[in-house]
Amino acid sequence: MATRQWHEGHSSPVLCVGAAGGPQGLLASGSEGGEVTVWTQEGTVLSRVTLPGGEDCTSLVFSPASPAHLYVSHGETVSVLDPRNLKAVVKEFPGAGEEEINSMAVNEDGSFLAAADDSGAVRILDLAEGKVCRTLRRHTNICSSVAFRPKRPNNLVSAGLDMQVILWSQQKTRPLWTLNLQEVAEEEDGHEQNAGQLFNPPLAHCVSVASCGNIIACAAEDGRLHLMRVGSGSKLEQHGLFKAHSQGASQAHFLGFLSHPYWLATGGNDGQVALWDVSRSPVVAPEGNAKSGAPAAHHRKVKGRAKAKQMSKGKTKASPQGQATKEEVEGEPQKEEEEELGATGNTDQLSNTDEVPKSGPRLRFNHGDKVNWVCPALLKGEPSLVVADQSSSLTVYSLSAM
């Protein structure tokens, strides 16, 4: 499996990477200090620009509907660039985030952009109107990641350092459901904790949705990957988790160009990059197709109303008093949390622990440095993972063995 380096694109650590679709699709990367670089699929620098203000480029994404539109977040601003000509910013959305933006996503038809920021809010931009049309509030700490559901352009999922994963509909004034990863971790680890053992909190760092639109993955600080299946009526039907990294899992991305849509690429603070086949997980394949030898599942109640403890480790912040029990959508009155689960109800859900086969990932790369970003991409027809770390270079791992 060939591994290669892409150099000379940045002068500071690369924080994010994105890939446009199509056989001739470009790639882009953003780094500290506001540098944005566009690459060819061969790894040649096509163009480069430093955005005004010098703020870090924390996220970038190509529009699925128009690859000529590249959205880059820096500070509270989203800038629109033409990747074929970076000489000037095409358009700016100042104040797209209430605080620094950590993650962005554009829905399939290119009509809306979601931005997750340090305030815990998810703001929805109507790209045709050029303005924020809705602000979704429920996270009580930094919102670290957001993703739209494929085939459902008005649904999106967010995750935050309050250890919550939330499914939203733009048409509703409250979340469709909330999964508290801390409750899951406490149930799974309670009997395993030794006296004096330090608990590693499951801060949620990254969410991804498979191309079917129904399977969600979330990478957490305790090194686990959480899988969720969304059923009819947008209910949370099943949840499972497995240990993927020995330190915090920072990245999780489904790949849409391999043999099926349930290949999952992950990266972690342990310097490992891995490729997992979760297609026969009980969460993904509930109709008796789970691999033999998987541990027996047990029932647990998915609770959306528990208040997460505030964490002082890493990039966390204290939430305003009272915010843990109320959510607000911009332009809508606040409502009490007693109906939080809305369409899903507060029902028993099936949870599976360590459901991925004991053989582990199908591929694992010892990257050796803390992973900032993992970007799946087809490079001249070769399935690949483009990895950003603490350096100014990118590393490309070939998946051709698959």
Measure across [X] and [Y] and return the closest heavy-atom pair with its distance rounded to 0.1 Å.
X: Val78; Y: Ala96; value: CG2-CB, 3.7 Å
X: Leu26; Y: Thr40; value: CD2-CA, 4.4 Å
X: Ala159; Y: Val165; value: CB-CG2, 4.3 Å
X: Phe62; Y: Pro67; value: CD2-O, 3.4 Å
X: Pro261; Y: Ser211; value: CB-OG, 3.2 Å
X: Pro376; Y: Leu385; value: CA-CD2, 3.9 Å

Any donor-acceptor pair under 3.5 Å from [X] side chain to [Y] backbone:
X: Thr37; Y: His10; value: no
X: Ser208; Y: Ala217; value: no
X: Asn107; Y: Phe148; value: no
X: Asn372; Y: Val14; value: yes
X: Ser12; Y: Ser31; value: no
X: Thr50; Y: Glu35; value: no
X: Gln251; Y: Val374; value: yes
X: Arg149; Y: Gly213; value: yes
X: Arg229; Y: Ile216; value: no
X: Asp162; Y: Thr140; value: yes

If you measure from [atom1] on [X] to [atom2] on [Y], what distance do you get to the nearest 0.5 Å?
X: Leu225; Y: Leu241; atom1: CG; atom2: CG; answer: 9.5 Å
X: Ser29; Y: Trp373; atom1: OG; atom2: CH2; answer: 12.0 Å
X: Arg174; Y: Arg137; atom1: CZ; atom2: CZ; answer: 15.5 Å
X: Gln164; Y: Cys218; atom1: CD; atom2: SG; answer: 11.5 Å
X: Glu55; Y: His74; atom1: CD; atom2: NE2; answer: 7.5 Å
X: Ser246; Y: Asn269; atom1: OG; atom2: CG; answer: 9.5 Å

Legend entry - Contacts of His7 that satisfy ring pair (Phe, Tyr, Trp, His ring centres under 6.0 Å) - sequence neighbours left out: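 In terms of ring pair (Phe, Tyr, Trp, His ring centres under 6.0 Å), with neighbours along the sequence ignored, His7 is linked to no residue.
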Legend entry - Set of ring pair (Phe, Tyr, Trp, His ring centres under 6.0 Å) partners for His69, sequence neighbours left out: none
Do [X] and [Y] have side-chain atoms, one donor and one acceptor, less than 3.5 Å apart?
X: Asp56; Y: Thr58; answer: no
X: Ser391; Y: Ser393; answer: no
X: Gln272; Y: His367; answer: no
X: Glu99; Y: Ser119; answer: no
X: Asn102; Y: Asp118; answer: yes
X: Thr266; Y: His245; answer: yes
X: Ser392; Y: Ser11; answer: no

Legend entry - From CA spacing to verdict: side-chain contact (heavy atoms from CB on, under 4.5 Å), Thr3, Val396: CA-CA 6 Å; Thr3 301; Val396 179; over 6 Å; no
Inset, instruction - Could you check Phe93 against Val80 for side-chain contact (heavy atoms from CB on, under 4.5 Å), going step by step and ending with a plain yes or no? - result: CA-CA 8 Å; Phe93 297 98; Val80 188; 3.6 Å; yes
Inset, instruction - Give the C-alpha distance, both sets of side-chain angles, the deciding distance and a yes or no for side-chain contact (heavy atoms from CB on, under 4.5 Å) between Leu394 and Val17. - result: CA-CA 9 Å; Leu394 296 174; Val17 186; 3.8 Å; yes
Should [X] and [Y] count as side-chain neighbours, where that means a heavy-atom distance under 4.5 Å?
X: His253; Y: Trp263; value: no
X: Glu221; Y: His205; value: yes
X: Leu27; Y: Val386; value: yes
X: Phe112; Y: Leu127; value: no
X: Thr135; Y: Ile124; value: no
X: Leu179; Y: Leu236; value: yes
X: Ser145; Y: Val207; value: yes
X: Pro202; Y: Arg224; value: no

Inset, instruction - Would you list the pairs meeting salt bridge (charged side-chain N to carboxylate O under 4.0 Å, His left out) in which at least one residue belongs to residues 375-396, sequence neighbours left out? - result: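 For residues 375-396: Arg4-Glu382, Glu42-Lys380.
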Inset, instruction - Compute the centroid of each ring, for Trp276 and then for Phe242, and state whether the two points are separated by less than 6.0 Å. - result: yes
Inset, instruction - Decide if the gap between the ring center of Trp6 and the ring center of Trp39 is smaller than 6.0 angstrom. - result: yes
Legend entry - Thr77 and Glu92: CA distance, side-chain angles, deciding distance, side-chain contact (heavy atoms from CB on, under 4.5 Å) verdict: CA-CA 7 Å; Thr77 300; Glu92 274 196 345; 4.2 Å; yes
Inset, instruction - Look at atom CD of Glu8 and say whether more than 12 heavy atoms of other residues, nucleotides or ligands are closer to it than 6.0 Å. - result: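 Not more than 12 within 6.0 Å, no.
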